[in-house]
Amino acid sequence: MVGGAAFDDAVARARRLPSLRVGLHLVLVDGRPLLPADRIPDLVDGQGRLRTDMFRMGRDIFLRPGIRRQLAAEIEAQFAAYQATGLPLDHVNAHHHFHLHPTVAGQILAIGPRYGMRALRVPREPAKLLNRIETLGKRRRDWLTAPWIAHLKKRVRRRTLRTADQVFGLAWSGAMTESRVAGILRHLPEGVTEIYSHPAISSSFAGSTSGYRYADELAALVAPGIVALARATGARLGGFSDLIS
């Protein structure tokens, strides 16, 4: 999040860890914009923060050319801010997966490659595998988002960008506990798998989401059992840069 309060600290930490694969998390809703409010008046609320009414926002983007121009300007500004850090761009995704909106996706696909984008998240999570890990409370395929996910995947492949074959972290967002991460690793499917979470040392910070188990997600990532299990799978670990020749 290039507009985030801890951006400079995050960049400094990433520079000290050259093997860390870092990406751009585009924030186009529910967050702080990079451009001033008078440059993007239709994207922000009265406090100058990006709007949270995603349905109406998506409708406005589709119907109004003016708001599309503002959106493109904000997307370009965020890519430019990331590029200015000098960090390699491993991948791109969007806050609340707002890039499933076809117009938003189109702008990212048009702008991103100029800034070195070579990988974009397609948030496809196999419900069948989740149900093998936790048998109670069966999850079903989300038929509302499925067509947009398929459409995005086609567009990404057409652009010869890299994406994961499956992504984990959607259904259990904020609760990627050690047992769940272990379950994913034990049932790791073929292909490229992306596992994401929101680790933090506490839940008391600006922008935190009520009910998210940030500390538990951090504990899951560093648990010795998880590290050993990840190695035991024989999977090649790394970022998208490690998969691109």
Side-chain angles (χ1 to χ4, degrees), residues 1-2 4 7 10-11 13-28 75-76 78-102 104-126 129 145 148-173 176 181 184-185 187-199 217-218 220-222 226-227 229-231 233-245:
M1 293 182 175
V2 294
F7 174 65
V11 170
R13 291 171 185 269
R15 286 174 178 156
R16 294 197 297 268
L17 298 167
S19 63
L20 181 66
R21 301 299 181 232
V22 184
L24 172 61
H25 187 67
L26 287 164
V27 181
L28 306 171
I75 290 172
E76 182 119 28
Q78 292 188 28
F79 269 105
Y82 187 97
Q83 186 180 68
T85 68
L87 295 171
L89 179 60
D90 182 77
H91 57 274
V92 175
N93 52 53
H95 200 40
H96 297 318
H97 307 293
F98 199 49
H99 62 305
L100 283 178
H101 189 297
V104 178
Q107 291 191 350
I108 294 171
L109 291 169
I111 295 168
R114 301 204 304 268
Y115 292 90
M117 181 180 77
R118 294 193 291 171
L120 180 67
R121 177 186 289 165
V122 176
R124 178 186 173 275
E125 187 172 52
L129 194 143
T145 60
W148 305 114
I149 292 171
H151 183 56
L152 178 60
K153 186 172 184 178
K154 264 187 202 177
R155 298 175 78 178
V156 167
R157 297 293 193 193
R158 197 180 304 133
R159 296 288 187 117
T160 65
L161 296 171
R162 201 64 198 256
T163 193
D165 297 297
Q166 52 272 324
V167 176
F168 294 99
L170 286 81
W172 296 329
S173 186
M176 289 288 281
V181 175
I184 293 167
L185 293 174
H187 297 87
L188 201 62
E190 293 294 323
V192 177
T193 298
E194 178 185 357
I195 302 174
Y196 77 88
S197 60
H198 306 82
E217 293 198 339
L218 176 60
L221 291 179
V222 300
I226 293 296
V227 175
L229 190 54
R231 289 173 178 161
T233 65
R236 181 182 174 189
L237 304 178
F240 287 96
S241 302
D242 302 298
L243 305 172
I244 301 171
S245 58

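It should be emphasised that the depicted structure is a prediction, and the values quoted were computed from it without experimental measurement.
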I need the minimum non-hydrogen distance between [X] and [Y], along with the two atoms involved.
X      : Y      : value
Ala230 : Leu237 : CB-CD1, 4.4 Å
Leu221 : Ser197 : CD1-OG, 3.7 Å
Arg124 : Ile149 : CB-CG2, 3.8 Å
Pro102 : Trp148 : CG-CZ3, 3.8 Å
Val167 : Pro126 : O-CD, 4.4 Å
Val156 : Leu109 : CG2-CD2, 4.5 Å

Classify the ring geometry between Phe98 and His101 as parallel (under 30°), tilted (30 to 60°) or perpendicular (over 60°).
-> tilted

In terms of ring plane angle, is the pair Tyr196 and His97 parallel, tilted or perpendicular, where the classes change at 30° and 60°?
-> perpendicular

Side-chain donor or acceptor of [X] paired with backbone N/O of [Y] under 3.5 Å:
X      : Y      : value
Glu217 : Met176 : yes
Glu125 : Ala171 : yes
Gln78  : Met1   : no
Gln166 : Val192 : yes
Arg155 : Ala105 : no
Asp90  : Phe240 : yes

Indicate yes or no: at least one non-hydrogen side-chain atom of [X] is less than 4.5 angstrom from one of [Y].
X      : Y      : result
Ile75  : Ile108 : yes
Pro189 : Asp165 : no
Leu87  : Arg15  : yes
Leu89  : Gln83  : no
Tyr115 : Leu24  : no
His99  : Pro123 : yes

Should Arg236 and Asp242 count as an ion pair when the cut-off is N to O under 4.0 Å?
-> no

Determine, stepwise, if the pair Leu152 / Leu120 fulfils side chain to side chain contact (heavy atoms under 4.5 Å, CB included).
-> CA-CA 10 Å; Leu152 178 60; Leu120 180 67; 4.2 Å; yes

Quick check: are there more than 12 heavy atoms from other residues, nucleotides or ligands sitting under 6.0 Å from CZ of Arg114?
-> yes

Arg13 atom CZ, neighbour heavy-atom count above 12 within 6.0 Å = no

Do Leu17 and Val22 pass the side chain to side chain contact (heavy atoms under 4.5 Å, CB included) test, and can you show the C-alpha distance, the side-chain angles, and the key distance before you say yes or no?
-> CA-CA 10 Å; Leu17 298 167; Val22 184; over 6 Å; no

What do the steps show when you test Ile184 against Trp172 for side chain to side chain contact (heavy atoms under 4.5 Å, CB included), and what is the final call?
-> CA-CA 12 Å; Ile184 293 167; Trp172 296 329; 4.3 Å; yes

Out of curiosity, Leu188 CG to Thr193 OG1, how far, rounded to the nearest 0.5 Å?
-> 4.5 Å

Going from CZ on Arg162 to NE2 on His91, what distance comes out if it is rounded to the nearest 0.5 angstrom?
-> 14.5 Å

Derivation of the side chain to side chain contact (heavy atoms under 4.5 Å, CB included) call for Leu26 and Phe79 = CA-CA 8 Å; Leu26 287 164; Phe79 269 105; 4.0 Å; yes

